[in-house]
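Worksheet: one structure, shown below.
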Amino acid sequence: MVQQTREQWSGSRGFVLAVAGSAIGLGNIWKFPYMAGANGGGAFVLVYLLCILAIGVPIMIAEILVGRRGQSNPVAAMRAAAEESGVSPVWRLIGGMGVLAGFLILSFYSVIAGWALDYTLRGLTGALSGLGAEEAQAQFGSLLDSPGLQIFWHTLFMLICFLIVARGVRGGIEWAVGWMMPLLFLLILVLVGYGAWIGAFAEGFTFLFRPDFSQLGPESVLMALGQAFFSLSLGMGAVMAYGSYLSPQESIGRNTVVVITTDTIVALLAGLMIFPIVFSIGLEPPAGPGLLFQTLPYVFGQMVAGSFFGFLFFLLVVFAALTSAISLLEPATAYLMARRGLSRLQAAGILAVIAWILGIFSALSFNLMSGFHPLGFIDALSGKTFFDLLDGVTSNIMLPLGGLGVALFVGWRMKRAAVAEEVRLGSYFGLWYFVLRFVSPVLVVLVLLYSVGVLRG
Ligand code: PFF
């Protein structure tokens, strides 16, 4: 009896750590602040939070449920759940799109993680100490301008990710997440505090939390939706894959709430860590993907032992990125192994090489190919680089569609009895089921239609 209780606890802990490791990553620390900056601040943040509540929470519960019910990789789990409820196995295509989306995201994710690797080294060599605002920005500019340096770090990150997935060392990941995430969290708190002291805290806070709806265009709403999916690792089967490891006794609802709350707090704190600095050093909030790397080095430059703190911070960011990247590569690897009978090493290797090649185009989007706009003939997409397009298509279209598919599948196609038996949400079941069937899908469809202009006349 005693032993059983302990096992259940450690099962839940392992699951929460794995899902939190996937969710918390560059999406929170790098992407959320610059998206908020580019989309006017408070109103974007508010829509983002609404998306998390009305779409993220119900869909995460649904994904975990399917994974646990189907006991397999996303594609096979969708098929198994479909068969059990006597509906078409075509629903597995949703799992298939997710596998592809994760793989595409990995390609550019690795490039940005490469930037963090570069900054880890700078911290180690002392290059982050005593930097002024302009020097910090110039340093980042020189990294962006260098295809060689970016490709080098991208290669290294992809290689590490490949090695971990190829060896399947899940235990090590949980262990690492277990102490590194709390440390990262603590360090972010310190940086928020320090930033509040040396920066323009009131201005940053207002920007982030006072909604100004005149700043919120249709694309911004779509981006908030995409960011919610991206940050929670939803819509591509990563959470579904982890769901298959959750023991039947565990509460899906409670675990979901823990992960989503943590993820959201980390994103908001990252915003609070960055915007007071943005305003105090005269940067513009819509500065783009470089925002994190243009602001924090300045903070480290002012701190006692700043290089050491910079080293520690970027190292932890690299680890947060790694635990997310693994969950991006793992579903595609599991799928390729099952489908083509490849070994884990072969499957992960083939995928990592293709993602690496794609990633090179993302790295070049910031320099040699910055003038190359693949879909420039479409008005709304003129000026978008290869990186912008890949990021936009995956986060803002593929993930929401994947999530929509899961919501429709669980809400409308799976047998209600099977769903209820698996989630066991108690008195919350009715509310969750209603939101999953009616609210989340309708909202996703409305946002997609609104952003392409169908609903705007
Ligand atoms: N959620 C991760 C982040 O916020 O950095 C990125 C990510 C991981 C997206 C896994 C999607 C995914 F399936």
Side-chain angles (χ1 to χ4, degrees), residues 19 50-99 101 222 224-226 228-230 232-244 246 248 250-257 259-260 331 396-450:
V19 180
L50 286 177
C51 288
I52 296 270
L53 259 184
I55 301 169
V57 173
I59 290 185
M60 183 176 280
I61 293 177
E63 282 204 17
I64 299 172
L65 174 164
V66 174
R68 188 161 78 179
R69 195 82 185 165
Q71 286 297 311
S72 189
N73 74 60
V75 182
M78 283 294 275
R79 184 181 344 174
E83 274 165 7
E84 184 199 33
S85 287
V87 298
S88 165
V90 139
W91 284 96
R92 73 178 187 284
L93 290 182
I94 306 233
M97 182 175 68
V99 164
L222 179 66
L225 176 76
F229 275 95
F230 186 90
L232 297 176
S233 303
L234 290 178
M236 61 140 282
V239 171
M240 212 180 272
Y242 288 143
S244 65
L246 186 66
E250 284 301 332
S251 154
I252 294 181
R254 188 167 339 111
N255 282 303
T256 298
V257 170
V259 170
I260 292 191
N396 302 342
I397 297 176
M398 293 176 86
L399 298 185
L401 283 181
L404 176 67
V406 173
L408 292 177
F409 175 69
V410 175
W412 294 93
R413 303 308 291 161
M414 272 180 85
K415 291 216 172 77
R416 185 185 164 118
V419 172
E421 179 191 56
E422 194 63 52
V423 287
R424 277 183 284 107
L425 288 175
S427 55
Y428 290 108
F429 178 78
L431 175 65
W432 167 76
Y433 201 54
F434 175 81
V435 174
L436 185 76
R437 298 182 85 194
F438 296 101
V439 181
S440 322
V442 169
L443 283 180
V444 171
V445 171
L446 283 182
V447 174
L448 288 175
L449 291 180
Y450 181 57

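For reference, positions follow the sequence shown, starting with 1. Values reported hereafter were calculated over all heavy atoms of this structure, with side chains retained and with hydrogens, waters and symmetry mates removed.
Taking 4.5 Å as the limit, some side-chain heavy atom of L401 sits within range of a side-chain heavy atom of L448. By the 4.5 Å heavy-atom criterion applied to side chains, I64 and T256 are counted as neighbours. Residues Y450 and L222 form no side-chain contact, since every pair of their non-hydrogen atoms from C-beta on lies 4.5 Å or further apart. Taking 4.5 Å as the limit, every side-chain heavy atom of M398 sits out of range of all side-chain heavy atoms of M236. Residues F409 and V87 form a side-chain contact, since some pair of their non-hydrogen atoms from C-beta on lies under 4.5 Å apart. By the 4.5 Å heavy-atom criterion applied to side chains, L436 and I59 are counted as neighbours. Put simply, the side chain of M414 does not reach to within 4.5 Å of the side chain of W91, judged on heavy atoms.
Distance alone, capped at 3.5 Å, places no donor-acceptor pair between the R79 side chain and the P89 backbone. In this structure, the side chain of S440 engages the main chain of V435 through a donor-acceptor pair within 3.5 Å.
The aromatic rings of F438 and F434 sit tilted, their planes meeting at an angle between 30° and 60°.
Within the model, atoms CE of M240 and CE of M78 stand 5.0 Å from one another, a figure rounded to the nearest 0.5 Å. Expressed to the nearest 0.5 Å, how far CZ of R92 lies from CD of E83 amounts to 9.5 Å. To the nearest 0.5 angstrom, I61 atom CD1 is 5.0 Å from L425 atom CG. Within the model, atoms CG of N255 and CD of E250 stand 5.5 Å from one another, a figure rounded to the nearest 0.5 Å. One finds the CD1 atom of I52 at 6.5 Å from the CD1 atom of I260 (value rounded to the nearest 0.5 Å).
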inquiry  = Assess the residue pair L408 and R413 against the criterion (side-chain contact (heavy atoms from CB on, under 4.5 Å)); give the C-alpha distance rounded to whole Å, side-chain angles, the decisive distance to 0.1 Å, and a yes or no.
reply    = CA-CA 7 Å; L408 292 177; R413 303 308 291 161; over 6 Å; no
task = Mind running side-chain contact (heavy atoms from CB on, under 4.5 Å) on V423 and Y433 for me, showing each step along the way?
result = CA-CA 10 Å; V423 287; Y433 201 54; over 6 Å; no
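In terms of heavy atoms, L399 sits closest to A101 at CD2-CB, 4.1 Å. The two residues S233 and A238 come nearest to each other via the heavy atoms O-CB, 4.1 Å.
Among V19, L65, I252, the single residue meeting the side chain to side chain contact (heavy atoms under 4.5 Å, CB included) criterion with L246 is I252.
Under a cut-off of 6.0 angstrom, the local environment of OH in Y428 is sparse, with at most 12 non-hydrogen atoms contributed by other residues, nucleotides or ligands.
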